[in-house]
Asker: 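Handing you a structure now.
We use all heavy atoms of the structure for the numbers below, so side chains are in, but hydrogens, waters and symmetry mates are not. Reminder, nothing fancy here: chain letters follow the sequence lines and each chain counts from 1. These figures come from a predicted structure and were not determined experimentally.
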Protein chains: 2
Amino acid sequence: MGKKQASKMQIKNIADKLGLSVSTVSVVLNGRGDQVRISKETQKKVLNAAKEINYQPNIYARRLRQAANEEAPYVLALFWRRDNLNSRLGRFLEGIFQTIDLKELKIELVVQAYEPGNFMTYMDMLSSNRFSGAMICGLNEEEQKALEEREITIPIVFIGRDSQIYHSVLMDSYRTGEECAACMNLSGVKSAAFLGFEKTGRAERLMEAGFLFGCRSHDVVAKEEWNPRIEKSSYEIGYQTAKQMLSDMELPTAWLVADCRLATGIMAYCRDVGICVPKDLRIIFFENSPLLRYNRPALSSVDIPSQEMAKSALDILILAGESRMDIPIRRELLPIYQIRESSGLEQEENYK
Amino acid sequence: MGKKQASKMQIKNIADKLGLSVSTVSVVLNGRGDQVRISKETQKKVLNAAKEINYQPNIYARRLRQAANEEAPYVLALFWRRDNLNSRLGRFLEGIFQTIDLKELKIELVVQAYEPGNFMTYMDMLSSNRFSGAMICGLNEEEQKALEEREITIPIVFIGRDSQIYHSVLMDSYRTGEECAACMNLSGVKSAAFLGFEKTGRAERLMEAGFLFGCRSHDVVAKEEWNPRIEKSSYEIGYQTAKQMLSDMELPTAWLVADCRLATGIMAYCRDVGICVPKDLRIIFFENSPLLRYNRPALSSVDIPSQEMAKSALDILILAGESRMDIPIRRELLPIYQIRESSGLEQEENYK
DNA sequence: CTGAAAGCGCTTACAG
DNA sequence: CTGAAAGCGCTTACAG
């Protein structure tokens, strides 16, 4: 059953072994034995033999035959990093299926989880055109380069990475940072900071740059050297970071925090020393957790628009299917804003 | 491109139209035109014609042909409710892919999202054996009944629902409730309650029963009429519910709460009136959010073991593939315990 | 009750 | 540079 070392066993093998014809075996195996009035005895023999050699039908052959009069579906591959199978994937899939519904597409979605750094394993499936199209998320630079060197003929969309060769859909991180600044009520704010991680990617650095630029253009002091480089998320680190920063900065201030899991620590410190959010400290977190909204003050967040990204990616594949694209399409999307009390802005809920 | 109304267009159509042979067209379409030295002109003609008739290759035919010497993969269908595409799906997929890796299986995973109440649409795919096996999650009773009446030959595992006909994997909710009671430090606890929803399913009622039974067997008073029937999750409802309940109950008490999104409201009320968790109130929430652990006190939770369920489901399918099962297999799993400070137990982290 | 034959749509040697 | 033929593994009329 799918074990790599399993031998190739087919209906013909069973038929030969039993001295029956291929059709008889096929009928029995499909559960139509009674219907076609194959003797109970023969049926039993077939079933046993199938069991014995661990027969697994070739689904592709079956489908090719059965679906003779149907339209062949578009087989879409979604490559996703194995270490990142979380709610973001759920929302991405939601986007895919919504689009499928909306446009009445006939798509079969195959999810392939790959070990980070081990994408090459799947390269052959792409270059031998085993899918109608593919979306690839979470590739590292080397892998992307290797993929770009092989000329793949099926349309490919990169999710969250830019490409000169293939299509791509990403979040506009710089503008996100900028707009987060705009989302905060910056009147009266004296200083601003971006709380990011030590080891981080291009997207976070862009967001930081955008945020600082946005604040400065409102005459808010924002020095890059203020921004802490956090090692990882924890309550204590959130608490300590807040403590340290607030001792340096002049209230009120505005923060964009790279990970909402720092929220509890930061908010606890504020509570402990009587810093009022949003009066003294405006704050927006990156990435969303349902619990943020249930906090008091309700905490603001910006999040990757996974659903929109899926939609765009699928749109691109459709387009690429309909007309051979010479130039890669590139779409940059804005995030999902959950602007709530902590930002200092009046309105609850969606900013846009 | 996958549109339902698209006409069936094949290589042969292109070949006929252009007065070329099928092989020439095929070679060009696969990007091997230069390699086989098809004239540029012919290539262009082919490509244009393909574009024009919006040609989409039949992936099944291609695979059948190409993979002649490979073993055909096991095609696994995962049916998931469209309105539930969240992090639970992510963890479920993680379980699947881990098992695939561990057992070195060759499986192609097809994800099918279905509209709740509309599962029947996919019935034909199951009864015509278009998959090697299927996992079905989130079915309602009618749908399950309809599916059980059709005799499907491919192995099927229900996720989260019991069945007399097909295999099933579920969480043991009653025992979960019981064990939650056991997880709390019940010495000195005077009363206990289960905070559940107005409209809810069998699983939650079982958990409630188990929890109350568990508390009572430790001589903790637990009256079913104390248990509130919550309408939905919000900060305010959490706050008000806590207020109301704590006015009736004698401290210290133990609570199992059906939804962690009530946590912020409940904890805020406790803070406001000086109720100390876990000294006065032991508390465990159902379902997990990363933010729970980052609270102080760190909040305990029990969560659906989606990953384990996926593993078990795949194990069952493998078994069913290897030997024709006459009796449905049924596996009940225990949840994931994240027992932290709020339960009153000493140890941090995993209970088991 | 069982078997021989056709054919699903494609790719790949092979021949020219 | 292009075409004719074989064949992937299966199911489905059809014939007996």
Asker: Starting from C1' on dC8(C), measure out to CD1 on Ile11(B) and report it in whole angstrom.
Answerer: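 After rounding, the gap between these two atoms is 14 Å.
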
Asker: Mind checking whether Phe79(A) and Phe131(A) have parallel, tilted or perpendicular rings, split at 30° and 60°?
Answerer: perpendicular

Asker: Could you check whether Glu143(B) and Asn118(B), counting side-chain N and O atoms only, form a donor-acceptor pair closer than 3.5 Å?
Answerer: no

Asker: In whole angstrom, give the distance that lies between atom NZ of Lys45(B) and atom C1' of dC1(D).
Answerer: 12 Å

Asker: Quick test of your reading of the model: are Asp124(A) and Arg130(A) salt-bridged, counting only N-O distances below 4.0 Å?
Answerer: no

Asker: Between Tyr55(A) and dG9(D), is there a contact of a side-chain N or O with OP1 or OP2 at under 4.0 Å?
Answerer: no

Asker: From the options dG9(D), dT11(C), dT12(D), select the nucleotide whose nearest atom is closest to the side chain of Arg32(A).
Answerer: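 Taking heavy atoms from C-beta onward, the closest nucleotide is dT12(D).
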
Asker: Look at the side-chain N and O atoms of Asn58(A) and state whether any lies under 4.0 Å from the OP1 or OP2 oxygen of dC8(D).
Answerer: no

Asker: Are the side chain of Arg62(A) and the backbone of Asn129(B) linked by a donor-acceptor contact shorter than 3.5 Å?
Answerer: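 A pair under 3.5 Å: yes.
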
Asker: Which residues, if any, of residues 15-23 of chain B bring a heavy atom under 4.0 Å of DNA chain D?
Answerer: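 Per residue number, the list reads Gly19(B), Leu20(B), Ser21(B), Ser23(B).
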
Asker: In this structure, how many angstroms lie between the C1' atom of dT2(C) and the CG atom of Asp34(A), rounded?
Answerer: 15 Å

Asker: Toward the 5' end of DNA chain D, which comes first, Ile38(B) or Leu64(A), by nearest nucleotide?
Answerer: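 Looking at DNA chain D, the more 5' nearest nucleotide goes with Ile38(B).
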
Asker: State plainly whether the residues Lys103(A) and Asp315(A) are in salt-bridge range, i.e. N to O under 4.0 Å.
Answerer: yes

Asker: Please report the distance, rounded to the nearest Å, between CZ in Arg62(A) and P in dT11(D).
Answerer: 5 Å

Asker: Of Lys12(A) and Arg37(B), whose closest DNA chain D nucleotide lies nearer the 5' terminus?
Answerer: Arg37(B)

Asker: Look at the side chain of Thr42(A) and decide which nucleotide, out of dT2(C), dT2(D), dC8(D), has an atom nearest to it.
Answerer: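 The answer is dT2(C).
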
Asker: In terms of side-chain heavy atoms of Thr24(B), which of dT2(D), dG9(D), dT2(C) is nearest?
Answerer: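 Out of dT2(D), dG9(D), dT2(C), the nucleotide with an atom closest to Thr24(B)'s side chain is dT2(D).
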
Asker: If you assign Ser39(A) and Val27(B) each to the DNA chain C nucleotide with the nearest heavy atom, which residue ends up on the more 5' nucleotide?
Answerer: Ser39(A)

Asker: Return the nucleotide paired to dG16(D): Watson-Crick means purine N1 to pyrimidine N3 with N6-O4 or O6-N4, wobble means G-U with N1-O2 and O6-N3, both under 3.5 Å.
Answerer: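 dG16(D) is paired, partner dC1(C).
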
Asker: In whole Å, I'd like the distance from the CD atom of Gln66(A) to the C1' atom of dT12(D).
Answerer: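 Roughly 10 Å, once rounded to whole Å.
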
Asker: What is the distance, to the nearest angstrom, from the OH atom on Tyr74(B) to the P atom on dG9(D)?
Answerer: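 Answer to the nearest Å: 20 Å.
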
Asker: Please tell me whether Ser127(B) and Arg150(B) have a donor and an acceptor in their side chains that are separated by less than 3.5 angstrom.
Answerer: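 Side-chain D/A pair, Ser127(B) to Arg150(B): present.
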
Asker: Hey, is Arg91(B) close enough to Glu308(B) for a salt bridge, meaning N to O under 4.0 Å?
Answerer: no

Asker: How many Å lie between CG on Leu29(B) and P on dG9(C), as a whole number?
Answerer: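 Between P of dG9(C) and CG of Leu29(B): 16 Å.
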
Asker: Round to the nearest Å and state the distance from Glu71(B) atom CD to dC8(D) atom C1'.
Answerer: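 Going from Glu71(B) (CD) to dC8(D) (C1'), I get 15 Å.
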
